[in-house]
2 protein chains.
Amino acid sequence: MTETPNETPDNAPQPERFNQARAAQAMAVLEDYAEMIGDLMDEMGEARITDIAARMGVTHPTATKAVARLKREGLAMSRPYRGVFLTEAGVALADRVRGRHRTVVDLLIAVGVPAETAELDAEGLEHYVSATSLAAFEMFLANSAARS
Amino acid sequence: MTETPNETPDNAPQPERFNQARAAQAMAVLEDYAEMIGDLMDEMGEARITDIAARMGVTHPTATKAVARLKREGLAMSRPYRGVFLTEAGVALADRVRGRHRTVVDLLIAVGVPAETAELDAEGLEHYVSATSLAAFEMFLANSAARS
DNA sequence: ACACAAGTGTAGCCAAGGCTTTAATTGGCG
DNA sequence: CGCCAATTAAAGCCTTGGCTACACTTGTGT
């Protein structure tokens, strides 16, 4: 191997922004599952693989794999044939995701997107909203409310 | 609750929205590549694999694969060892993506997101903005401009 | 007590989208 | 003209996240 330390790719414009988007995308699925498990725990007291799969619109093996990944990331715990539970970190993530989702939906509505579309689009958008943008959204919403 | 587990999945929120988001995600990469090829054709008259790869921040083989996918989708054409060109459909897609990108950036800025962050976030966000939301964004921007 | 249905887990396949390595083509230069 | 560097292509591997098929627990009902 020639010593090719992963230095800056080269003098290209900014390919990093794509990598950043790709990284966010990797996290997106985890976030969705964590949020879903949080919802199920709130509603039913526990999250079962079948329910998670049904809600996510996937088959149980797929849900199992996702849960395995959540466990690997320290976001969830589960014992064989028992329900799935979120760790403290998982709960924190779920809460954060939920809050962000609401903010995104509210912002979309605030700029004139129909409520239904806002919900639908937010599902895809939310994972790509940076903390900076989220803060801006909240400020914008606060100002809008105050001005109305 | 009695044991009766034969109940319908309760208020199961359509899992389709997740599938929708997944579909959008599949298109995202293609859109990015098409846009990039369009840029390169405008700037240099042709798009070469090496340039595409550099700009996207990936290796050449990855870019080659992406181009193959674009060709499969009827969005691009290329002859071995010659440049890559967009088909009519590809050009249309690239233009649409470019316009949407600008609108998204403008909207983010309009609601108070710093310009740099807006650019960065738009890269991920743009692929999930529906036509309905996009139209709402444009109307919002038009109104903002008029009111300023 | 045991059988069977439902739920869960495991294995193996596929496509996408990354990567590295190796081969081939092109084209410029000595 | 022939060789070499750069470019492109091809082949093979990895991970993610879908899927189906099949195996195994669990626990409920007779």
Side-chain angles (χ1 to χ4, degrees), chain A residues 1-6 9-10 15-16 18-34 36-37 40 44 46-73 76-85 127, chain B residues 2-9 15-16 18-34 36-37 40 44 46-73 76-85 127:
Chain A
M1 291 308 150
T2 54
E3 314 302 324
T4 48
N6 280 353
D10 47 54
E16 291 175 19
F18 290 109
N19 291 313
Q20 191 166 322
R22 275 173 219 132
Q25 185 240 46
M27 198 63 199
V29 177
L30 247 20
E31 289 178 344
D32 280 338
Y33 277 97
M36 186 61 72
I37 294 171
L40 286 167
M44 333 248 253
E46 71 169 349
R48 276 151 59 249
I49 288 285
T50 320
D51 295 333
I52 297 170
R55 294 246 185 145
M56 295 298 296
V58 298
T59 54
H60 14 100
T62 300
T64 302
K65 270 201 200 174
V67 168
R69 209 169 144 220
L70 284 172
K71 293 208 288 187
R72 204 195 316 149
E73 304 280 338
M77 296 175 302
S78 77
R79 297 199 327 278
Y81 297 98
R82 294 303 177 205
V84 178
F85 301 90
H127 305 290
Chain B
T2 57
E3 58 289 356
T4 61
N6 54 352
E7 193 178 341
T8 4
E16 293 173 18
F18 290 109
N19 292 312
Q20 193 166 323
R22 273 173 222 134
Q25 184 239 53
M27 198 63 201
V29 177
L30 249 19
E31 288 179 344
D32 281 339
Y33 277 96
M36 187 60 73
I37 294 172
L40 287 166
M44 334 247 254
E46 72 168 350
R48 275 153 58 250
I49 287 286
T50 321
D51 296 332
I52 297 170
R55 293 247 185 145
M56 295 297 297
V58 300
T59 55
H60 320 149
T62 300
T64 302
K65 269 204 201 174
V67 169
R69 233 174 300 133
L70 284 172
K71 293 208 286 187
R72 202 195 316 149
E73 304 281 337
M77 295 175 303
S78 77
R79 298 199 325 279
Y81 296 100
R82 295 300 175 206
V84 179
F85 300 90
H127 305 290

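None of these values were measured; they are calculated from a predicted model.
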Return the value, rounded to whole Å, for the distance between atom [atom1] of [X] and atom [atom2] of [N].
{"X": "Asn19(A)", "N": "dG18(C)", "atom1": "CG", "atom2": "P", "result": "9 Å"}
{"X": "Glu46(B)", "N": "dT7(D)", "atom1": "CD", "atom2": "C1'", "result": "12 Å"}
{"X": "Arg69(B)", "N": "dA9(D)", "atom1": "CZ", "atom2": "C1'", "result": "16 Å"}
{"X": "Met44(A)", "N": "dG7(C)", "atom1": "CE", "atom2": "C1'", "result": "13 Å"}
{"X": "Lys65(A)", "N": "dC19(D)", "atom1": "NZ", "atom2": "P", "result": "10 Å"}
{"X": "Lys71(B)", "N": "dA10(D)", "atom1": "NZ", "atom2": "C1'", "result": "13 Å"}
{"X": "His127(B)", "N": "dA16(C)", "atom1": "NE2", "atom2": "C1'", "result": "15 Å"}

Candidates [options] - which lies nearest the side chain of [X]:
{"X": "Arg48(B)", "options": "dG12(D), dT7(D), dG18(D)", "answer": "dT7(D)"}
{"X": "Arg22(B)", "options": "dT20(C), dG18(D), dG27(C)", "answer": "dG18(D)"}
{"X": "Ile49(B)", "options": "dA9(D), dT7(D), dC19(C)", "answer": "dA9(D)"}
{"X": "Thr62(A)", "options": "dT7(D), dT20(D), dG18(D)", "answer": "dG18(D)"}
{"X": "Val58(B)", "options": "dC19(C), dT8(D), dA16(C)", "answer": "dC19(C)"}
{"X": "His60(B)", "options": "dT26(C), dT10(C), dT8(D)", "answer": "dT8(D)"}

Counting only side-chain nitrogens and oxygens, does [X] get under 4.0 Å of the OP1 or OP2 atom of [N]?
{"X": "Arg72(A)", "N": "dT16(D)", "answer": "yes"}
{"X": "Thr64(A)", "N": "dT8(C)", "answer": "no"}
{"X": "Arg79(B)", "N": "dA9(D)", "answer": "no"}

Heavy-atom closest contact ([X] atom, [Y] atom, distance):
{"X": "Ala47(B)", "Y": "Ile52(B)", "value": "CB-CD1, 4.2 Å"}
{"X": "Tyr33(B)", "Y": "Met56(B)", "value": "CE2-CG, 3.7 Å"}
{"X": "Ser78(B)", "Y": "Gly83(B)", "value": "CB-O, 3.6 Å"}

Within the structure provided, determine whether [X] and [Y] are in side-chain contact (heavy-atom separation under 4.5 Å).
{"X": "Asp32(A)", "Y": "Met36(A)", "answer": "no"}
{"X": "Asp51(B)", "Y": "Glu46(B)", "answer": "no"}
{"X": "Gln25(A)", "Y": "Val29(B)", "answer": "no"}
{"X": "Val84(A)", "Y": "Leu70(A)", "answer": "no"}

Within this structure, what is the [atom1]-[atom2] distance for the pair [X] and [Y], rounded to the nearest 0.5 Å?
{"X": "Met77(A)", "Y": "Arg82(A)", "atom1": "CE", "atom2": "CZ", "value": "15.0 Å"}
{"X": "Lys71(B)", "Y": "Thr64(B)", "atom1": "NZ", "atom2": "OG1", "value": "9.5 Å"}
{"X": "His60(B)", "Y": "Arg48(B)", "atom1": "NE2", "atom2": "CZ", "value": "10.0 Å"}
{"X": "Ile49(A)", "Y": "Leu40(A)", "atom1": "CD1", "atom2": "CG", "value": "10.5 Å"}
{"X": "Leu30(B)", "Y": "His127(B)", "atom1": "CG", "atom2": "NE2", "value": "10.5 Å"}
{"X": "Gln20(B)", "Y": "Glu16(B)", "atom1": "CD", "atom2": "CD", "value": "8.5 Å"}

Exercise. How would you label the contact of Pro61(A) with the nucleic acid (heavy atoms, under 4.0 Å): base, sugar-phosphate, or nothing?
Worked result: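 The answer is base, as Pro61(A) lies within the cut-off (heavy atoms under 4.0 Å) of a base atom.
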
Exercise. How bent is the helix from dA1(C)-dT30(D) to dG30(C)-dC1(D), comparing axes over its five end pairs at each side, to the nearest 10°?
Worked result: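 That helix has its two terminal axes inclined by roughly 20°.
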
For this session: Could you pick out which residue, Pro80(A) or Gly57(A), lies toward the 5' side of DNA chain D when each is mapped onto its nearest nucleotide?
Result: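 With Pro80(A) and Gly57(A) compared, the 5'-side residue is Gly57(A).
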
Pairwise N/O distances under 3.5 Å, protein to nucleotides 22-25 of chain C:
unit_1  : atom_1 : unit_2   : atom_2 : d
dA24(C) : N3     : Tyr81(B) : OH     : 3.4
dT25(C) : O4'    : Tyr81(B) : OH     : 3.2

Problem set entry | Of residues 24-34 of chain B, the positions that come close to DNA chain D - non-hydrogen atoms, cut-off under 4.0 Å |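 Those residues: none at all.
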
